[in-house]
Amino acid sequence: TLLLEAQLFNRTEKITHRGRTIGWLFISVSLENLNAHLARVKKTIALISINLFIFSVAILFGIIGIFLRPINSLVASVKRIASGNLAHRTKIFSKDEIGQLSSAFNDMVVKLESAYQDMEEINSNLEATVKKRTEALRQEMSERENAEKLIHQSEKKCRGLIESMNEFLVELAPDGRVIFANKAFYNSTGFSEAEILKANYFDFIHKDDLDTMMHKCQLLKSNEEMIRNCMYRLRKADGGFINLVVNADPIIDSAGCVASVVQVCFDITAIKKAEHELREASQRLFNIVEFLPDATFVVDKDRKIIAWNR
């Protein structure tokens, strides 16, 4: 029997001999010392537990620090490289997976630095090429502007010469449309520019001369024969006709085809009129000579007889 009273520990044991109870044993022990000893043991255990916890936490943080050190180093290296320091390399603390990752990262940075240097070299060469090409284009544009100015001046001079010509200058499309006519043409024919441009030039040629002129233009367009000293009559705005002597040449394009035909026309209306008047005067003279009753003959300045009566 175990009894606990106050600060005493009591225990009673039966004493038997050969199956017979011969007596009882009473034991009583004070618990004060035992409790004090147990308190000291509990305190010691608590201190040991606290120390073990602190030591475990310290070891845990140490282990975490060992594992995080290469990772932190790798993160810091990434930040430095991201800021533009491609010469930086991360430290390798071990040969485990983190170490392999750091080594692969360093290899990647080496390739990145090489690619960046190549890109810088390409950019430098590209800038030099662009600068050189820009300068060449600037010079080419300047030369082109000068050439365009010279061409414009030349065109202006040519137009001035063309407009000041007494002869007609007419440019025709292959189908006969009027592309250009100078001032002398409009002054002599009496047509306006709006009436002539885009009109068909052959509509103004005398019907008796039309077939001949169209045939010659067809030969000209096929490069078989140039038009030289061809005479035809051209209708004016008032319905009358003027007599022209024409020289025409084709303008050939880059494909070798006739792009247009340029005609230079000489107005010989006055000459034709003078010839007609001279023939009429000669005829009247012959009629007078023939009418005279006496023998009469006409001698020219070379003393040749050019007419006589019957």
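Positions are given from 1, in the same order as the sequence printed here.
Taking CG from Leu150 and CD from Glu143, the interatomic distance works out to 11.5 Å, rounded to the nearest 0.5 Å. Put simply, CG on Leu52 and CG on Leu47 are 11.0 Å apart, with the number rounded to the nearest 0.5 Å. Taken from OG1 in Thr269 to CG in Leu244, the straight-line distance is 6.5 Å, to the nearest 0.5 Å. Atom CD of Gln263 is separated from atom CG of Leu220 by 8.5 Å, given to the nearest 0.5 angstrom. Once rounded to the nearest 0.5 Å, the distance linking CG of Asn247 with CD1 of Ile227 reads 9.0 Å. Taken to the nearest 0.5 Å, the CG atom of Asn51 stands 10.5 Å off from the OG atom of Ser56.
Under a cut-off of 6.0 angstrom, the local environment of NE2 in His215 is sparse, with at most 12 non-hydrogen atoms contributed by other residues, nucleotides or ligands. The neighbour count for Gln218 CD, taken as heavy atoms of other residues, nucleotides or ligands under 6.0 Å away, does not exceed 12. Heavy atoms from other residues, nucleotides or ligands lying under 6.0 Å from CE of Met231 number 12 at most.
Salt bridge Glu148/Arg144: absent, no basic N to carboxylate O contact under 4.0 Å. Looking at Lys132 and Glu135, no side-chain N of the basic residue comes within less than 4.0 Å of a carboxylate O on the acidic one, giving no salt bridge.
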query: Are Ile251 and Val261 close enough, and set up right, to give a side chain to side chain contact (heavy atoms under 4.5 Å, CB included), and what steps lead you there?
result: CA-CA 6 Å; Ile251 295 178; Val261 175; over 6 Å; no

- request: Run the numbers on Leu172 and Val178 for side chain to side chain contact (heavy atoms under 4.5 Å, CB included), then give the verdict.
  value: CA-CA 5 Å; Leu172 306 178; Val178 180; 4.0 Å; yes

- request: Apply side chain to side chain contact (heavy atoms under 4.5 Å, CB included) to Asn182 and Glu167, showing your working.
  value: CA-CA 9 Å; Asn182 66 348; Glu167 295 79 12; over 6 Å; no

task: Please test Ile205 against Phe202 for side chain to side chain contact (heavy atoms under 4.5 Å, CB included), starting from the C-alpha separation and ending with a verdict.
output: CA-CA 5 Å; Ile205 296 177; Phe202 295 104; 3.7 Å; yes

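Heavy-atom minimum distance, Glu195 versus Ser192: OE1-N, 2.8 Å. In this structure, Val245 and Ile268 approach most closely via the heavy-atom pair CG2-CD1, 3.3 Å. Of all heavy-atom pairs between Cys230 and Lys216, the closest is SG-CD, 3.4 Å. Nearest heavy-atom pair across Cys265 and Tyr232 is SG-OH, 3.9 Å. Nearest heavy atoms, Ala259 versus Asp253: CB-CB, 4.2 Å. Contact detail for Leu169 and Met165: the closest heavy-atom pair is CD1-SD, 4.3 Å.
Identified under the salt bridge (charged side-chain N to carboxylate O under 4.0 Å, His left out) test for residues 255-279, with sequence neighbours left out: none. Within the structure, every pair that satisfies the side-chain hydrogen bond (donor to acceptor under 3.5 Å, both in side chains) test and touches residues 117-126, not counting sequence neighbours, is listed here: Tyr116-Glu120.
One N or O on the side chain of Asn200 and one on the backbone of Asp175 form a donor-acceptor pair closer than 3.5 Å. Under a 3.5 Å cut-off, the side chain of Ser222 and the backbone N or O of Leu219 do form a donor-acceptor pair. A donor-acceptor pair is defined here as one N or O able to donate and one able to accept, closer than 3.5 Å; such a pair exists between the side chain of Thr134 and the backbone of Val130. With hydrogens and angles disregarded, no donor-acceptor distance shorter than 3.5 Å links the side chain of Lys236 to the backbone of Ile242. Remark: side-chain polar atoms of Ser142 are not paired, donor with acceptor, to backbone N or O of Arg138 under 3.5 angstrom. Arg228 places a side-chain N or O within 3.5 Å of a backbone atom of Ala248 that can act as its donor or acceptor partner.
Criterion: ILVMFWY side-chain heavy atoms under 4.5 Å apart, direct or through other members. Under it, Met226 and Val246 are part of a common hydrophobic cluster. The same ILVMFWY cluster, assembled from side-chain heavy atoms under 4.5 Å apart, contains both Phe180 and Phe266. In the hydrophobic clustering of this structure, Tyr186 does not group with Ile179; members are Ile, Leu, Val, Met, Phe, Trp, Tyr whose side-chain heavy atoms approach within less than 4.5 Å, directly or through other members. When the side chains of ILVMFWY residues are joined at heavy-atom separations under 4.5 Å, either directly or via intervening members, Val258 and Tyr201 end up in a single hydrophobic cluster. Both Phe168 and Leu210 sit in one connected hydrophobic cluster of ILVMFWY residues. Membership requires side-chain heavy atoms under 4.5 Å apart, directly or through other members.
Using bins of under 30°, 30° to 60° and over 60° for the plane-to-plane angle, the ring pair Phe191/Phe204 lands in the perpendicular bin.
Looking at Arg233 and Asp208, their side chains come closer than 4.5 Å, going by heavy atoms from C-beta outward. Two residues are said to be in side-chain contact when any heavy atoms from C-beta on lie closer than 4.5 Å; Val262 and Asp249 fail this criterion.
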